[in-house]
Amino acid sequence: MKVIPKAYEPEQFEQDLYRQWEDAGYFRPEVNMGKSPSYDRQTDGKPFVISMPPPNITGKLHMGHALFATLEDIMTRYHRLMGSPTLWLPGTDHAGIATQTVVDKSLRKQGINKNELGREKFIEKVWEWKEQYGSTITRQLRRLGSSCDWSRERFTLDEGLSHAVRTAFVDLYNKGLIYRGVRVVNWCPRCHTAIADDEVEYRFEKGKLYWLKYGPFILATARPETKLGDTAVAVHPGDQRYLEMVGKKYTIQGVLGDFEVVVVADNAVDPEFGSGAVKVTPAHSFTDYEIAQRHNVPMKQIINENGRMMDNTGKYAGMKTIEAREAIVADMEAMGLIDHIDEYDHNIATCYRCGGVIEPIPSKQWFVKTRPLAEKAKKAVEDHDIKIIPERFEKVYFDWMDNIRDWCISRQLWWGHQIPVWYKNLPQLPELPELTRNKKQVEAGQEGSPVSAKNSEEFRFSIIDPEDLSWILSNIQDTHNYEYVDFFDGQIRTRIDTESFTCTEKQTDRTGVVAKTGLSGYIDGVKSCLELRSTNGFAKYEIEFKGQVPDRFTGRPVIASTEILNHQVDNTSGVSYYVGMEPPRGEGWVQDPDVLDTWFSSALWPFSTLGWPEKTTDLDYFYPTTVMETGYDILFFWVARMVMFGLEFTGKSPFETVYLHGLVRDEHNRKMSKSLGNSLDPLDLIPKYGTDAVRMALVVGSTPGQDIPIGEGKIKGYRNFSNKIWNASRFTILRVSEGDLKTGEIGGESVSDLAIDQELLSPADQQILSRHQEVKRDVSRMLNEFRFSLAGETLYDYFWHTFADIYIEASKNQLAPDADQRIRENTKKILIKLLSETLIMLHPFMPFVTEAVWQELREIFPSLPKYLIIAKWPFDADKKTTRS
RNA sequence: GCGCGCUUAGCUCAGCUGGUUAGAGCGACUCGUUUACACCGAGUAGGUCGGGGGUUCGAAUCCCUCAGCGCGCACCA
């Protein structure tokens, strides 16, 4: 008879079992396109794929990671047991701001200043940090039993992914979906970078509302210091009180002398609030900026990127905004410019990373034009190409897509993907003689055209190297108000109607317009010339086209390289820029110092990790992925953007189902926080109670989209369950192995061949077998429907309170030495069947105990698969012929 | 302001498309246990399913309404 320890000691098994699985390669899916599978498959053969939400390299594992790892591992293991080729692709995220802040802090503790260190050295330090901590978190994910394919592990700054990022940027740029411009942005003076709208968090703070005597108006403001940047007063168009004043200019007495404002009527003004008149500070308020844009009101910036008053604010220059506010209020009171002051609760904007107050300031940044992307992304969910669980988040998703604003993607940081744009300052050049305005357009094959292409479609796509085209077009964007753009290819001069791009709002049309009006065709080896003229100046580019290769997107031939022989720019900025995958040829080009928003690379994750933009086997086979499992808190940050980018770059939704889990909270449903001291550390709990217990505690009782409370008591409960599994199995194994197995007391080759004699069944046998069948069916269905909690609970209840409490007790009689030999044998067969099949079903939830027990079970019943992880799921949903 | 969620036993929560006597875990109480497991077993108590109204043969479940709590988005002069 076997000897098995009395209690389950997880520490003795977990790490060893994990190593055995990993070494055996069970986490790596078989890529077998078009071939018949090498194993018994219960599915349609489609691979099951999850891209792991890449944890930041900044920290160590917490309960949130444990939750996603558990849920994703359950799905992965379930589908593996079902026989699907299963890929769970892990990785980590460089997490721009977060990592830079943490490393900066740690360096400062060592007395090292980031700025003295310099960019290159600093980035080296961050990489050192990454080497140290990036692997910590993946090691800890293994501890959770995550059966992901480590051979495919990725990091967002890997060469392949960086290449994907550059490709995406350049492609969007060429499509006119990325632009650079001066906008009022959310600026964090503490992190010293712009952040996106959804990276801003609002919180209430007690403050004051100042009623100012403002020329003929009395108006309220929370930020009197911005008065120095005021250029207008806005009122509601229907407001009778101010009708007469609209359009007129007024002189306002200010602390730095008189200044002039214009009165405009705008619907954004709420006539009910305050006096119905608003002072407009276009440079430091989003609403004011928009009002100013609509009424052509000038903008005056008075706050700089350090959150301090600028030189144009006289004696207040250099003060922080709060200091300036106090000083200005004091001065205004002295001048009798303040009517009265109210108490007022402000909803102030703060940075989601550092908590600092956000200053809206005008800044030149890169933006993604999101609306065209959002429309497709919205449609994908509307058409059910993507299903969101729980469904109610679809509405939230739609609302976001409907109200989306352009996405500011440049960050003034060092750690991240540096923007693939290069700048060059150019000397002023003497004006060129006026160009001949020839309106003739080039058509493919047309007489006089130097273009040799025979079919017009090929011709149309064979513009010039997209990278150079973008570089050229970038200048159109930069200077506005071009009168005309001429393209001269050596023989024919082509006029391009510039009306289409005088306005930045029409940027999407740029590429199209160019193609339509004839900036197309290439001349291998011929020097061409592009000339731009604007109200600010002109630019001339001499270009030589060389060679011909297939375009990587369309497969059509394009110019392989375009040498810019010379280019000249003369405009107000005097700067030209180049957008491309690699630095441009020639001297003096400097790359844009900014990096991209972390979420830009994250948005590419489901396909960049599989090799995109290269056409790899992995991309072909595993993309689109199956499930995106993540927290509802990053629905906008991440999920929405993956959908937008997935559709844009691959033409496919990046996943079929989005499963949103909730936030892990403490047993009283409070947020886990260090200050409350209620945080649970999975790395303490795992050695204490076992990974399986932690996993079960996270799954059972949690509903998608709903926060999940968890306390140590709950985990203890599932530790007890682990032990119950161990002991019920121990009983089974010990009893079944009584007698001589070699002579085949229970016989049979595999579990399905266990010939259970229906004639000999006791009522207890019949009941358990029937219940067992139900559980198999229910659990399969629940897992297919993403109802993990219910599935786990069902299995828990069945195993403990039906199998162990009822059936094992009943089996004791049936196994008694004085019982009929045939009954004993039959009972043993039933026990083996029930136990082995239940272990398989429990395995996705509790991989370690179940595998540990399986290995024991295999010793007395060697026909079982070598490892539980690759066993066969005991219920086939397609076989609806389940006889009761 | 717009939207969403929650309110079920002392605590934390399940309860899918309405259908036996509303469930679990923890906690409480009683009893038991040399015999797979005290990280155990058998059992008990505990709920007018937030209030009100409606639909229905039948409502924790669907609809309306009110209240409390929480969250998201927008505004925030």
Side-chain angles (χ1 to χ4, degrees), chain A residues 4-10 197-198 201-202 204 207 209-212 214 219-224 226-227 230 233-235 268-270 273-281 285-288 291 344-349 390 392-400 402-403 405 632-633 635-636 662-663 665-671 689-690 693 696-697 700-703 705-735 778 781-782 785-787 789-790 792-794 796-797 800-801 804-805 808-809 811-812:
Chain A
I4 301 175
K6 246 181 142 175
Y8 173 57
E9 300 289 349
D197 293 336
D198 45 13
E201 271 174 6
Y202 293 89
F204 271 101
L209 191 62
Y210 303 86
W211 293 78
L212 310 183
Y214 203 88
L219 47 77
T221 180
R223 301 194 59 187
T226 61
K227 185 179 176 187
D230 287 355
V233 166
V235 298
V269 180
D270 176 4
F273 190 94
S275 60
V278 193
K279 67 187 205 62
V280 178
T281 321
S285 151
F286 289 96
T287 333
D288 292 7
I291 293 174
Y344 189 69
D345 283 345
H346 299 279
N347 201 359
I348 61 161
R392 65 188 150 91
F393 278 97
E394 292 187 356
K395 193 172 159 43
V396 181
Y397 174 92
F398 292 143
D399 285 351
W400 190 77
D402 286 339
N403 298 313
R405 287 205 278 174
Y632 65 76
D633 51 331
L635 178 63
F636 304 142
L663 274 38
R665 292 170 172 268
D666 81 356
E667 56 204 319
H668 299 293
N669 217 345
R670 294 175 305 184
K671 226 174 195 160
Y689 301 112
M696 257 324 242
V700 177
S702 78
T703 309
Q706 210 67 34
D707 292 349
I708 154 169
I710 186 163
E712 200 161 337
K714 192 172 179 187
I715 295 165
K716 219 173 185 167
Y718 289 106
R719 187 269 319 264
N720 296 353
F721 181 49
S722 301
N723 194 54
K724 176 56 76 173
I725 294 174
W726 180 259
N727 274 295
S729 306
R730 182 165 170 261
F731 169 88
T732 307
I733 293 165
L734 295 179
R735 285 312 190 83
D778 291 352
R781 200 185 52 221
M782 288 164 184
E785 292 171 356
F786 299 90
R787 303 164 66 112
S789 171
L790 217 51
E793 206 184 327
T794 304
Y796 172 94
D797 184 68
W800 197 324
H801 301 302
D805 287 348
I808 283 189
E809 289 310 315
S811 75
K812 284 176 183 171

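Naming: A, B, ... by sequence-line order, numbering from 1 per chain. Both backbone and side-chain heavy atoms feed into the values below; hydrogens, waters and symmetry mates do not.
We find the CG-OH distance between A:Asn720 and A:Tyr689 to be 9.5 Å, quoted to the nearest 0.5 Å.
Nucleotides B:C2 and B:G53, compared at atom C1', are 26 Å apart to the nearest Å. Rounded to whole Å, the separation between the C1' atoms of B:G23 and B:G1 comes to 41 Å. Remark: the separation of the C1' atoms in B:G15 and B:G47 is 14 Å, to the nearest Å. Comparing the P positions of B:G19 and B:C49 gives a spacing of 16 Å, expressed to the nearest Å. Taking atom C1' in both B:A67 and B:A74, the straight-line distance is 25 Å, to the nearest Å. Annotation: B:G27 and B:G10 have their C1' atoms spaced 7 Å apart (nearest Å).
The shortest non-hydrogen separation linking A:Ala804 to A:Ile808 is O-CB, 3.2 Å. Closest approach of A:Asn723 and A:Tyr8 over heavy atoms only: OD1-N, 3.1 Å. Listed here is the closest heavy atom pair of A:Thr226 and A:Lys279: OG1-NZ, 2.7 Å. Contact record, A:Leu219 with A:Ala277: CB-O, 3.3 Å, taken as the closest heavy-atom pair. Summarising the geometry of A:Arg392 relative to A:Gln706, their closest heavy-atom pair is NH2-OE1, 3.1 Å, with the distance given to 0.1 Å.
Proximity of A:Asn720 to the phosphate of B:C40: a side-chain N or O atom is located under 4.0 Å from OP1 or OP2. Listed pair A:Thr287 / B:C75 fails the phosphate criterion, with no side-chain N or O lying under 4.0 Å from OP1 or OP2.
If you measure from atom CG of A:Leu209 to atom C1' of B:C76, you get 10 Å, rounded to the nearest angstrom. Summarising the geometry, the separation between CE on A:Met782 and P on B:G15 is reported as 10 Å, rounded to the nearest angstrom. For A:Ile291 and B:C75, the CD1 to P distance is 12 Å, given to the nearest whole Å. At whole-Å resolution of the value, CD in A:Gln706 and C1' in B:G70 are 10 Å apart. Spacing between atom CZ of A:Phe393 and atom P of B:C6 amounts to 11 Å, rounded to whole angstrom units. One atom, NZ of A:Lys716, and another, P of B:C39, lie 9 Å apart when rounded to the nearest Å. Atom OH in A:Tyr796 sits about 15 Å away from atom P in B:C39, given to the nearest Å. The CG atom of A:Asp707 sits 9 Å away from the C1' atom of B:G70 (whole-angstrom rounding).
Taking only side-chain atoms of A:Trp800, from C-beta outward, the nucleotide of B:A14, B:G41, B:C4 with the closest atom is B:G41. Of the candidates B:C73, B:G25, B:C39, the closest approach to any side-chain atom of A:His801 belongs to B:G25. Of all nucleotides listed (B:G15, B:G3, B:C76), B:G3 comes nearest to the side chain of A:Asp399. Looking at the side chain of A:Tyr202, the nearest of the listed nucleotides B:C73, B:A14, B:A74 is B:A74.
Within 4.0 Å of A:Val269, counting heavy atoms only, lies at least one base atom of the nucleic acid. Using a 4.0 Å heavy-atom criterion, one finds that A:Gly717 contacts no nucleic acid atom at all.
Qualifying side chain to side chain contact (heavy atoms under 4.5 Å, CB included) partners for A:Asp633, counting only residues two or more places apart in sequence or in other chains: A:Leu663. Every residue two or more places apart in sequence or in another chain that forms a side chain to side chain contact (heavy atoms under 4.5 Å, CB included) with A:Leu790 is listed here: A:Met782, A:Arg787, A:Glu793. Applying the side chain to side chain donor-acceptor pair (under 3.5 Å) test to A:Ser789 and every residue at least two apart in sequence or in another chain returns nothing.
Using a 4.5 Å heavy-atom threshold, the side chains of A:Tyr632 and A:Val396 count as separate.
Aromatic ring orientation, A:His801 versus A:Tyr796: perpendicular (interplanar angle above 60°, classes split at 30° and 60°).
Residue order along RNA chain B, read from the 5' end via each residue's closest nucleotide, puts A:Gly701 first among A:Gly701 and A:Phe721.
Remark: the A:Arg719 side chain and the B:C39 base include a donor-acceptor N/O pair separated by less than 3.5 Å.
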Polar pairs (N or O, both sides) under 3.5 Å between protein and nucleotides 16-23 of chain B?
| from | atom 1 | to | atom 2 | distance (Å) |
| --- | --- | --- | --- | --- |
| B:C16 | O4' | A:Arg787 | NH1 | 3.2 |
| B:C16 | O4' | A:Arg787 | NH2 | 3.1 |

Pairs under 3.5 angstrom, nitrogen or oxygen only, protein versus nucleotides 35-37 of chain B, please.
| from | atom 1 | to | atom 2 | distance (Å) |
| --- | --- | --- | --- | --- |
| B:A36 | O3' | A:Arg730 | NH1 | 3.3 |
| B:A36 | O2' | A:Asn727 | OD1 | 2.7 |
| B:A36 | O2' | A:Arg730 | NH1 | 2.4 |
| B:A36 | N7 | A:Lys812 | NZ | 3.4 |
| B:A36 | N6 | A:Glu809 | OE2 | 3.1 |
| B:A36 | N3 | A:Asn727 | O | 3.0 |
| B:A36 | N3 | A:Ala728 | N | 3.4 |
| B:C37 | OP1 | A:Lys6 | NZ | 3.1 |
| B:C37 | O4' | A:Asn727 | OD1 | 3.1 |
| B:C37 | O4' | A:Asn727 | ND2 | 3.3 |
| B:C37 | O2' | A:Asn723 | ND2 | 3.0 |
| B:C37 | O2 | A:Lys724 | NZ | 2.7 |
| B:C37 | N3 | A:Lys724 | NZ | 2.8 |

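Side-chain atoms of A:Lys714 come within 3.5 Å of backbone atoms of A:Val700 as a donor-acceptor pair (strictly under, hydrogens ignored). When atom types are taken as modelled, the side chain of A:Asn727 and the backbone of A:Ala7 share no donor-acceptor pair closer than 3.5 angstrom.
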Would you write the dot-bracket representation of RNA chain B, where each base gets (, ), [, ], | or . depending on whether it forms a Watson-Crick or G-U pair under 3.5 Å and with which partner?
(((((((..((((.....[...)))).((((((....).))))).....(((((..]....))))))))))))....

